[in-house]
Amino acid sequence: MGRHGTIAGRKAAQDSKRAAMFTKYAKAITVAAKDGGDPDYNASLRLAIEKAKAISMPNDNIQRAIKKGTGELGGASYEEMTFEGYGLGGVAVIVEALTDNSNRTTSSVRSTFDKYGGNLGTPGCVSYMFNSKGVLVIDNEDGDLDEDTVMDAALEAGADDMVNEGDSFVIYTDPADFADVLSGMKDAGYEFVEADIEKVPTVEATPKPEDMKRLSKMINLLEENEDVQKVHHNCAVELLDE
């Protein structure tokens, strides 16, 4: 992800894509549960469950996904895939996918890049421009939350840093500490607009205005792909809601 959008934009995107998000998170839980169905002894599963709960995924969905992963229920076998490349304006893009058909997913992702002026590259061609971070976003659109109070709670929970973006507080953690920080902040009474492990760009790209429509369309279509779990990019301006 590049520049953080407004809280209103985040909420609208989350609401419109909630069903798709549930499907994506269920896949992640199923994959993690292959190494054991007890989150107390499976850190990857615990993290996947915490992320699903952060977007209010029903517990029945979570338990069903776990049972698929442990073999108690039938289900597809998913393969993890990562694609790296560039969109218009030199914007670096990383696409993470879970798929039961690698040929289908590769063809679809490549076609989307090609159609909108992007180029798929080789593994590692853009990932060096990103750092993995846990990112938790708290809504402060009404200005009711005190920055120092939220900061103290975040640091006590184990966060690395917090940024006040005006209508939201964005908390950053080491990926290994993400689940503990998420749990600690929830125990302190905070709710999240977003909570996930992100690729945070260390270098940003600023496309020309005339490139923004096609770039936004490419990113949005990639995010809508049922096999795609996450799309990260380093665009310095907020994408258009196409």
Side-chain angles (χ1 to χ4, degrees), residues 1-2 13-14 16-35 44-45 47-48 51-52 55 61 65 68-69 71 73-133 135 175 194 196-205 207 211-235 239-242:
M1 67 191 303
Q14 189 180 77
S16 67
K17 299 176 182 177
R18 186 168 297 275
M21 290 171 69
F22 286 170
T23 299
K24 294 174 189 287
Y25 278 58
K27 283 185 179 181
I29 292 170
T30 295
V31 171
K34 290 182 178 181
D35 292 327
S44 295
L45 178 59
L47 175 58
K51 286 159 54 177
I55 61 166
N61 296 40
K68 286 182 179 180
L73 292 176
S77 178
Y78 298 113
E79 174 186 356
E80 296 182 59
M81 302 186 74
T82 301
F83 304 90
E84 298 185 32
Y86 288 93
L88 286 175
V91 171
V93 181
I94 300 176
V95 179
E96 297 175 351
L98 285 175
T99 180
D100 58 357
N101 186 324
S102 60
N103 290 333
R104 178 192 67 215
T105 304
T106 300
S107 176
S108 178
V109 170
R110 184 179 299 280
S111 174
T112 303
F113 269 83
D114 290 344
K115 183 176 181 179
Y116 294 98
N119 293 286
L120 273 183
T122 57
C125 69
V126 302
S127 57
Y128 70 93
M129 291 186 275
F130 297 80
N131 288 329
S132 291
K133 292 281 186 180
V135 180
E194 290 185 14
D196 211 339
I197 304 296
E198 304 282 359
K199 301 286 188 184
V200 178
T202 57
V203 178
E204 292 187 328
D211 290 335
M212 285 302 299
K213 185 173 183 178
R214 295 184 72 199
L215 174 66
S216 297
K217 187 67 173 178
M218 186 188 87
I219 298 295
N220 289 334
L221 283 179
L222 287 170
E223 290 179 336
E224 291 168 5
N225 187 314
E226 65 178 10
D227 294 332
V228 172
Q229 291 292 104
K230 203 74 179 176
V231 180
H232 310 276
H233 62 81
N234 70 341
C235 186
L239 296 175
L240 304 173
D241 186 13
E242 292 284 326

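Given the structure is predicted, the values throughout are model-derived calculations rather than measurements.
- At a cut-off of 3.5 Å, with distance as the only test, a side-chain donor of N225 or S108 sits close to an acceptor on the other residue.
- Under the 3.5 Å distance criterion, the side-chain polar atoms of H233 are left unmatched by any main-chain donor or acceptor of V93.
- Between G87 and L215, the shortest heavy-atom contact is CA-CD1, 4.1 Å.
- Here the closest heavy-atom approach between residue A65 and residue A26 is recorded as CB-O, 3.5 Å.
- Residues passing the side-chain hydrogen bond (donor to acceptor under 3.5 Å, both in side chains) test with T30: none are found, sequence neighbours excluded.
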Please list every donor-acceptor pair under 3.5 Å in which a side-chain atom of residues 114-129 meets a protein atom from a residue at least two apart or in another chain.
from: S127; atom 1: OG; to: E84; atom 2: OE2; distance (Å): 3.4

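- Qualifying side-chain hydrogen bond (donor to acceptor under 3.5 Å, both in side chains) partners for S107, counting only residues two or more places apart in sequence or in other chains: none.
- The heavy-atom pair separating T82 from E96 by the smallest distance is OG1-CG, 4.4 Å.
- Closest approach of A205 to G89, counting heavy atoms only: CB-O, 4.0 Å.
- Using a distance-only test at 3.5 Å, with no hydrogens or angles considered, a donor-acceptor pair links the side chain of N220 to the main chain of S216.
- With a 4.5 Å cut-off on side-chain heavy atoms, S132 and E198 do not count as touching.
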Could you please spell out the steps behind the side chain to side chain contact (heavy atoms under 4.5 Å, CB included) verdict for M212 and L239?
CA-CA 7 Å; M212 285 302 299; L239 296 175; 3.9 Å; yes
Applying side chain to side chain contact (heavy atoms under 4.5 Å, CB included) to T106 and M81, what does each step give before you reach the verdict?
CA-CA 9 Å; T106 300; M81 302 186 74; 3.3 Å; yes
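- A 4.5 Å side-chain heavy-atom check between V231 and I94 finds every atom pair outside the cut-off.
- Scored by the side-chain contact (heavy atoms from CB on, under 4.5 Å) test, A52 finds Y25, I29, M57, I62 as partners (sequence neighbours excluded).
- Applying the salt bridge (charged side-chain N to carboxylate O under 4.0 Å, His left out) test to D196 and every residue at least two apart in sequence or in another chain returns K51, K230.
- Between H232 and P201 the shortest side-chain heavy-atom distance does not fall below 4.5 Å.
- Take T23 and apply the side-chain contact (heavy atoms from CB on, under 4.5 Å) test, not counting sequence neighbours, and it matches no residue.
- Closest heavy-atom contact between A28 and Q229: CB-NE2, 3.8 Å.
- Here E226 pairs with nothing under the side-chain contact (heavy atoms from CB on, under 4.5 Å) rule; sequence neighbours left out.
- Residue pairs meeting the salt bridge (charged side-chain N to carboxylate O under 4.0 Å, His left out) criterion with at least one member in residues 22-33, sequence neighbours excluded, are K27-D227.
- Between the N234 side chain and the V91 main chain, no donor and acceptor come within less than 3.5 Å of each other.
- Applying the side-chain hydrogen bond (donor to acceptor under 3.5 Å, both in side chains) rule to S102 yields no partners; only residues at least two apart in sequence or on another chain are considered.
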Begin from the C-alpha positions of K213 and L240 and carry the test side chain to side chain contact (heavy atoms under 4.5 Å, CB included) through to its verdict.
CA-CA 7 Å; K213 185 173 183 178; L240 304 173; 4.2 Å; yes
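- Closest non-hydrogen pair, A97 versus F83, comes out as CB-CE1, 4.4 Å.
- Not counting sequence neighbours, the partners of D100 by the side-chain contact (heavy atoms from CB on, under 4.5 Å) test are A76, Y78, R104.
- Looking at L88 and P207, their side chains never come closer than 4.5 Å, going by heavy atoms from C-beta outward.
- Under the salt bridge (charged side-chain N to carboxylate O under 4.0 Å, His left out) criterion, D35 pairs with no residue, sequence neighbours left out.
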